[in-house]
Protein chains: 2
Amino acid sequence: MKEAIINSKTQATRSRGQIATRELLIKAVGTLLARQGFTSLGVNAVAKEAGVDKVLIYRYFGGLPELLRQFGSSGEFWPSVDELTGWKADALQQMPLTQSVPMVMRNYIKALRNRPLTREILAWESVERNELTKVLEEVREKVSMDLFQAVRIDSEKHPAVISISTLLAAAVNYLVIRSRTINQFNSIDIASDDVWETLEKTITTICEKCFGPENQ
Amino acid sequence: MKEAIINSKTQATRSRGQIATRELLIKAVGTLLARQGFTSLGVNAVAKEAGVDKVLIYRYFGGLPELLRQFGSSGEFWPSVDELTGWKADALQQMPLTQSVPMVMRNYIKALRNRPLTREILAWESVERNELTKVLEEVREKVSMDLFQAVRIDSEKHPAVISISTLLAAAVNYLVIRSRTINQFNSIDIASDDVWETLEKTITTICEKCFGPENQ
DNA sequence: CTCTTTAGTCACTAGCTGGTGACAGCTATG
DNA sequence: CATAGCTGTCACCAGCTAGTGACTAAAGAG
């Protein structure tokens, strides 16, 4: 009888195929991150979510780190240069910095606020380094470099632009991460759309004042 | 023989007193946070660090949350209004915003960079809410309110000041948190003193441009 | 047909976690 | 002196974690 149970179970899920299993596992990482956050992510949880035995994580990936790495490389968790420029990199080059930088920041905010998964990884990245956050770091650094190139910003010629946009991006990251768990910061409600609109306007103001014609 | 060992052990550490034990435990939380970070903080680790049995955490505090709360209330983890104003709140009131805001930000950065424990709690706060971070939240919100009052900033009259300083504080928080685990952000090294000096200068520039006479 | 490889399940280990019950020794109070 | 209360140690529980070895079933190769 015991064998019968085992047999039926075995045949029901057998031979899904290695590739399919790998995909199941990779997908499960994303599902779990989005639903439970990074604190509950482990081999047991991932295997259970994928409906697969955890031993396959070791057999196919050698362990969780490599699975995380492949998950990180598997999708578009970070906004691309195209998304940040609104698919108008050419037009952006012609614009003055007073317009192009705020526009990129606006797209950046929109991208982060619309991607729960990216928000989660961003939070993870700020407190821990692992194979997943390392991959994301690389992607992010590359995107920011490409972006500066796309809008023709030279770090030699525009040191202030780098500094200011670094500050603005850091601020956005913090507020996005923070809004995951609590809404209050400096007595403003960082979960409300209105506040984000105000912040976007403030960013625009900063750029206009700092990159305006009198500064060229 | 077994009894003899127990007895000697028992007598060696006996009757330290409840108050002393409570202090040991509270202190151990701080030591552990500074040394290992918040991820490894639990009843077992705290008790071990304090050299005390973990059951006493439950007996004297009812559990870890209350111990954390009392730890949070036990010291000056967050910079005070005095520290942020450089003990010169009066002088700050006379200054234009172009000078006072950067000065406060400078003191804020200095305070955070000099307090590993506060940095750790700040990181914790950004990803999780618990009794400790709740206490710190309250303190922080109160300090920021008091600060605005101390330098006579009215949220009705100076909405831009609130927005901009919120952004700047958020940016500083992010970079400080991030520098715990990795030094690279936007291709700059956020562990180096030079970079922080540049960032301080950038903050000053932003304030001068945004709060300058032409904006009054 | 036989032998090997692949895919998958299950059962187990060791070590950690938070939490509790039973006990021992000291001390103050009646 | 006896008893009750406080302070502390120890041993244990259940539940979780990462990781491994032994097994079965099927498919493919000779």
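This one's a predicted model, so the numbers in the text were calculated from it and none came from an experiment. Per chain, numbering begins at 1; letters A, B, ... match sequence-line order.
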key: Pi-cation contact, B:Phe61 with B:Arg22 (under 6.0 Å, within 45°)   =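 So B:Arg22 does make the cation-pi contact.
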
Quickly work out the [X] [atom1] to [N] [atom2] distance and round it to whole Å.
X       : N      : atom1 : atom2 : answer
A:Arg59 : D:dC23 : CZ    : C1'   : 11 Å
A:Leu67 : D:dA18 : CG    : C1'   : 14 Å
B:Lys48 : C:dT17 : NZ    : C1'   : 14 Å
B:Tyr58 : D:dC10 : OH    : P     : 18 Å
B:Phe61 : D:dT7  : CZ    : C1'   : 14 Å
A:Arg22 : C:dG8  : CZ    : P     : 12 Å
B:Asn44 : C:dG15 : CG    : P     : 15 Å
B:Lys54 : C:dG21 : NZ    : P     : 14 Å

Residue-phosphate contact under 4.0 Å: B:Thr21 side-chain N/O, D:dT7 OP1/OP2 =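 Checking B:Thr21 against D:dT7: no side-chain N or O falls below 4.0 Å of OP1 or OP2.
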
ask   = Can you tell me if the side-chain N/O atoms of A:Tyr60 get under 4.0 Å from OP1 or OP2 in C:dT6?
value =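 The answer is no; no side-chain N or O of A:Tyr60 sits under 4.0 Å from OP1 or OP2.
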
query = Between B:Val55 and A:Gln18, who's closer to the 5' end of DNA chain C by nearest nucleotide?
reply =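 Upstream on the strand: A:Gln18.
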
message = Quick check: closest heavy atoms across A:Pro102 and A:Leu97, and the distance to 0.1 Å?
response =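 Answer, listing the atom of A:Pro102 first, then A:Leu97: CD-O, 3.5 Å.
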
inquiry  = Looking at every non-hydrogen atom in both residues, tell me the closest pair between A:Cys210 and A:Ile164 and how far apart they are.
reply    =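 Heavy atoms of A:Cys210 and A:Ile164 come nearest at CB-CD1, 3.7 Å.
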
query = Between the side-chain atoms of B:Arg16 and the base atoms of D:dG8, is any donor-acceptor pair under 3.5 Å?
reply =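 Checked by distance alone, the answer is no.
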
task = Report the C-alpha separation of B:Lys110 and B:Glu83 in whole Å, then their side-chain angles, then the decisive distance to 0.1 Å, and conclude whether the salt bridge (charged side-chain N to carboxylate O under 4.0 Å, His left out) test is met.
result = CA-CA 10 Å; B:Lys110 206 201 259 175; B:Glu83 184 171 357; over 6 Å; no

Comparing B:Asp53 and B:Ile19 on DNA chain D - which has the more 5′ nearest nucleotide =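 That would be B:Ile19.
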
